[in-house]
Student: 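One structure coming up, written as structure tokens, with questions to follow.
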Amino acid sequence: MLNIYNTLTRKKEIFKPIHENKVSIYVCGMTVYDYCHVGHARVMVVFDVVVRYLRFLGFEVTYVRNITDIDDKIIQRAIENKEDINQLTARFIEALNEDAANLNIIPPDIEPRATKYIDKIIIMVQQLLDNGYAYVTTNNDVCYAINKFADYGKLSGKQVEDLRAGERVDVDKSKQHPLDFVLWKAAKIDEPHWQSPWGSGRPGWHIECSAMSTDCLGKHFDIHGGGMDLQFPHHENEIAQSEGATKEPFVNVWMHNGFVRINNEKMSKSLGNFFTVREVLKQYHPEVLRYFILTSQYRSPSNYSDQELDAAKQALTRLYTALRGLDIENLPISDDKTYQQRFQAAMDDDFNTPEALAVLFDLSREINKARSNDLTKAAKLGNQLWHLGKILGLLQIEAESFLQATIIEQISSAEIENMITERLLARKNRDWATADRIRSELKEQNIVLEDNSEGTTWRRL
RNA sequence: GGCUGAAUGGCAGAGUGGUUAUGCAGCGGCCUGCAAAGCCGUGUACGUCGGUUCGAUUCCGUCUUCAGCCUCCA
């Protein structure tokens, strides 16, 4: 029985979809004006695992992850770069897809873009005006009147009167309440704009998610996810917009993932303390980054550092080493269901990936024990490890190809093989001095040799 | 100021009202020509002060510290 922590109720609840066997899920994706950093990677990986697990459980999942391709930051960046705005967003959407593919993220079923939804956004703004939740300001902006929405604050647990509006940013005088937010923004001359009943303009930040999610998944759907920082105001505002416009409940379960931190501080663009995914992948295999993300439960903060990534690499090496050389494709999965049951119990508990990973390590130990005397058993267990790994999006490549992967330019595989052949000859002649010399030469190049009864295997450190 | 959440062994990170998380690192052993990998064994960890309890790291309260939201941010 799957339990999910729901931000709305602040507790774990047994998950029950609106329509039996079907799950509709919407996740706030990226605003495309820069490369993805590790924090974005976390959102993608976390919800990728959520969707993989839901599918594993047999649900028919419709997964929507949006792209916000019009907003203040994008406009500003285009001006800075002297770049056409569409060219800018196209460039970063392509980069986003590349990063996602590297991280073995299954593409969402629908990836709607804000600029393709202007008509539907305008309709929703009009509905909000008609329903009395919005007003046109003296600047010709359309604003949402939060005081009209009785439940405002229900997601983030905030009391409107307790908030320090204007503490850090000047309040726009044209607003009726300092926390009212823009639905439709009147355009300046040189900005991208679309025609609307309120003059030419563009959507405010929150409305596009309400319009896209409702259109793709219906007025009322199962799960809505995103980073912690979107809880307020973004998701709070989405609720106000969608429920104000449709007069129906919006979302059943709200899921929010924790931040990636650096030196105990949130990784963010504004602090400038971020690493982009592509930077990290210059140093580490993408699966190492994915594994690192899954070593923390998704709601907990996660601390990013080279040491952590090194540790992740070591751990993943252990799992792949267990899989190495096993003929898993040609043997059935093990009959022993205890590992799968433990794995599932962990995942059923609000996607507890660290505990699920612990099961994979126990399974690996079992494989390593079996491989010396019962290769068939080892391979069957290996098959199981591979299948469970798949739910986490891990362990799907050939073990050799992970263990021997070149990230930074190093000695070639052919050269290594040659030296190993040379060393095997020396060993045959019991010329240990030569054998050891070759081994330590390779060690200096970060190549580790492992002798066994069949010959010598190697891997890169 | 309001609201969230967190404090676990050398590091990372789960979990539990009484019994082994897991990974890395360390130590001892087996294996090995020697290694590496693997296997076996090995650590009086649960921020503070109180309370509840036969018993609390686990429940309740106090305090301390840290992080996040209340501007844009995943």
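Below, chains carry the letters A, B, ... as their sequence lines are ordered, and counting in each starts from 1.
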Student: Classify the ring geometry of Y133(A) against Y144(A): parallel below 30°, tilted from 30° to 60°, perpendicular beyond 60°.
Tutor: parallel

Student: Report the residue from L54(A), I293(A), L392(A) that forms a side-chain contact (heavy atoms from CB on, under 4.5 Å) with V49(A).
Tutor: L392(A)

Student: Indicate whether OP1 or OP2 belonging to G33(B) is found under 4.0 Å from a side-chain N or O atom of R423(A).
Tutor: no

Student: Using a 3.5 Å limit on both distances, find every run of at least three consecutive Watson-Crick or G-U pairs that involves RNA chain B.
Tutor: B:1-7 with B:64-70, B:10-12 with B:22-24, B:26-30 with B:38-42, B:49-51 with B:59-61

Student: For C28(A) and E355(A), take the nucleotide of RNA chain B holding the closest heavy atom to each; which residue's nucleotide lies nearer the 5' end?
Tutor: E355(A)

Student: What interatomic distance, in whole Å, is found between P of A25(B) and the corresponding atom of G38(B)?
Tutor: 9 Å

Student: Name the nucleic acid region contacted by H37(A), choosing base, sugar-phosphate or nothing; use a 4.0 angstrom heavy-atom cut-off, strictly under.
Tutor: base

Student: Angle class for the H206(A)/H234(A) ring planes (parallel below 30°, perpendicular above 60°, tilted otherwise)?
Tutor: tilted

Student: Kindly say if K369(A) contacts the phosphate of C40(B), meaning a side-chain N or O under 4.0 Å from OP1 or OP2.
Tutor: yes

Student: At their closest point, which heavy atom of C143(A) faces which heavy atom of K175(A), and how far apart are they?
Tutor: SG-CG, 4.1 Å

Student: Phosphate oxygens OP1/OP2 of A67(B): is one of them under 4.0 Å from a side-chain N or O of R261(A)?
Tutor: no

Student: By the 4.0 Å heavy-atom rule, please label A315(A) as base, sugar-phosphate, or nothing.
Tutor: sugar-phosphate

Student: From the options G38(B), C70(B), A74(B), select the nucleotide whose nearest atom is closest to the side chain of F232(A).
Tutor: C70(B)

Student: Consider the side chain of R439(A), meaning its heavy atoms from C-beta on, and name the nucleotide among G15(B), A74(B), A35(B) that approaches it most closely.
Tutor: A35(B)

Student: In plain terms, say whether R65(A) and D48(A) are close enough for a salt bridge, that is, a side-chain N and a carboxylate O under 4.0 Å apart.
Tutor: no

Student: Are any of the side-chain nitrogens in D436(A) or R439(A) under 4.0 Å away from the carboxylate oxygens of its partner?
Tutor: yes

Student: Between A14(B) and S300(A), is there an OP1 or OP2 to side-chain N/O distance shorter than 4.0 Å?
Tutor: yes

Student: Just to be sure I understand the rule, does G157(A) reach a base, reach only the sugar-phosphate, or reach nothing, if contact means heavy atoms closer than 4.0 Å?
Tutor: sugar-phosphate

Student: Among the nucleotides G23(B), G68(B), G13(B), which one has an atom lying closest to any side-chain atom of R365(A)?
Tutor: G23(B)

Student: Rounded to whole Å, please give me the gap between NZ in K313(A) and P in A37(B).
Tutor: 14 Å

Student: What residues from residues 443-461 of chain A pass a heavy-atom cutoff of under 4.0 Å to RNA chain B?
Tutor: V448(A), L449(A), E450(A), D451(A), R459(A)

Student: Looking at F351(A), W254(A), Y298(A), which one forms a side-chain contact (heavy atoms from CB on, under 4.5 Å) with Y5(A)?
Tutor: Y298(A)

Student: Of all the nucleotides listed (A67(B), A74(B), G33(B)), which has the minimum atom distance to the side chain of V43(A)?
Tutor: A74(B)

Student: Kindly point out which of C66(B), C72(B), A25(B) is positioned nearest to the side chain of Q314(A)?
Tutor: A25(B)

Student: Return the value, rounded to whole Å, for the distance between atom CG of N273(A) and atom C1' of A74(B).
Tutor: 13 Å

Student: Report which part of the nucleic acid R10(A) touches: base, sugar-phosphate, or nothing (heavy-atom distance under 4.0 Å, all strands).
Tutor: sugar-phosphate

Student: Considering every strand and a 4.0 Å limit on heavy-atom distances, what is the contact class for S296(A): base, sugar-phosphate, or nothing?
Tutor: sugar-phosphate

Student: L179(A) has a side chain; which of U71(B), C39(B), G23(B) sits nearest to it?
Tutor: U71(B)

Student: Any ion pair linking D72(A) and R202(A) (charged N to carboxylate O, less than 4.0 Å)?
Tutor: yes

Student: Using the C1' atoms only, state how far U42(B) lies from U20(B), rounded to an integer number of Å.
Tutor: 12 Å

Student: To the nearest Å, give me how far apart OH (Y304(A)) and P (C11(B)) are.
Tutor: 21 Å

Student: Measuring centre to centre across the rings, with the benzene-like ring taken for any Trp, is F250(A) within less than 6.0 Å of F221(A)?
Tutor: yes

Student: Send over the distance from Q297(A) CD to G23(B) C1', rounded to a whole Å.
Tutor: 18 Å

Student: Roughly how many Å apart are G26(B) and C60(B), using the P atom of each and rounding to a whole number?
Tutor: 40 Å

Student: Whole-Å distance between C69(B) P and N237(A) CG?
Tutor: 16 Å

Student: Please report, rounded to the nearest Å, how far the C1' atom of C3(B) is from the CG atom of L8(A).
Tutor: 15 Å

Student: For the side chain of K158(A) and the base of C69(B), is some donor closer than 3.5 Å to an acceptor across the two?
Tutor: yes

Student: Considering only side-chain heavy atoms of P354(A), which listed nucleotide, A74(B), C39(B), G13(B), is closest?
Tutor: G13(B)

Student: Does K266(A) have a side-chain nitrogen or oxygen under 4.0 Å from the phosphate oxygens OP1 or OP2 of C69(B)?
Tutor: yes

Student: Examine G15(B): is either OP1 or OP2 under 4.0 Å from a nitrogen or oxygen in the side chain of N352(A)? Give yes or no.
Tutor: yes

Student: On a whole-Å scale, what distance lies between the P atoms belonging to A12(B) and C49(B)?
Tutor: 23 Å

Student: Considering only the C1' atoms, how many Å lie between G29(B) and C66(B), rounded to the nearest integer?
Tutor: 43 Å

Student: Suppose you measure atom P in C59(B) against the same atom in U16(B); what distance do you get, rounded to whole Å?
Tutor: 9 Å

Student: Below 4.0 angstrom from OP1 or OP2 of C39(B), is there any side-chain N or O of N368(A)?
Tutor: yes

Student: When we call it a touch if two heavy atoms are under 4.0 Å apart, what does S268(A) touch: a base, just sugar-phosphate, or nothing?
Tutor: base

Student: What is the distance from CG of L230(A) to P of C69(B), rounded to the nearest Å?
Tutor: 11 Å

Student: Of the nucleotides C72(B), C24(B), G13(B), which one has an atom closest to the side chain of N303(A)?
Tutor: G13(B)

Student: Pick the closest RNA chain B nucleotide for D436(A) and for D349(A) by heavy atoms, then say which residue is nearer the 5' end.
Tutor: D349(A)

Student: Looking only at side-chain atoms of E308(A), point me to the closest of C70(B), A67(B), C11(B).
Tutor: C11(B)

Student: Quick test of your reading of the model: are K380(A) and D336(A) salt-bridged, counting only N-O distances below 4.0 Å?
Tutor: no

Student: What is the separation between atom CG on N429(A) and atom C1' on G33(B), rounded to the nearest whole Å?
Tutor: 14 Å

Student: Minimum heavy-atom separation for V251(A) and D222(A), please, with both atom names.
Tutor: CG1-O, 3.9 Å

Student: Where is the tightest heavy-atom contact between S213(A) and Y26(A), given as atom of each residue plus distance?
Tutor: CB-CD1, 3.4 Å

Student: Looking only at atom P, what distance separates U32(B) and G13(B), rounded to whole Å?
Tutor: 39 Å

Student: List the atom of I262(A), the atom of N273(A), and the distance in Å for their closest heavy-atom pair.
Tutor: CD1-O, 2.8 Å

Student: Can we say E83(A) and R91(A) salt-bridge, meaning some charged N sits less than 4.0 Å from an Asp/Glu carboxylate O?
Tutor: yes

Student: Counting just side-chain N and O atoms, does R342(A) come under 4.0 Å of either OP1 or OP2 of A21(B)?
Tutor: no

Student: Answer with base, sugar-phosphate or nothing: what part of the nucleic acid does V359(A) contact at a heavy-atom distance below 4.0 Å?
Tutor: nothing

Student: Give me the distance, rounded to whole Å, that separates U44(B) from A37(B) when you measure between the C1' atoms they each carry.
Tutor: 33 Å

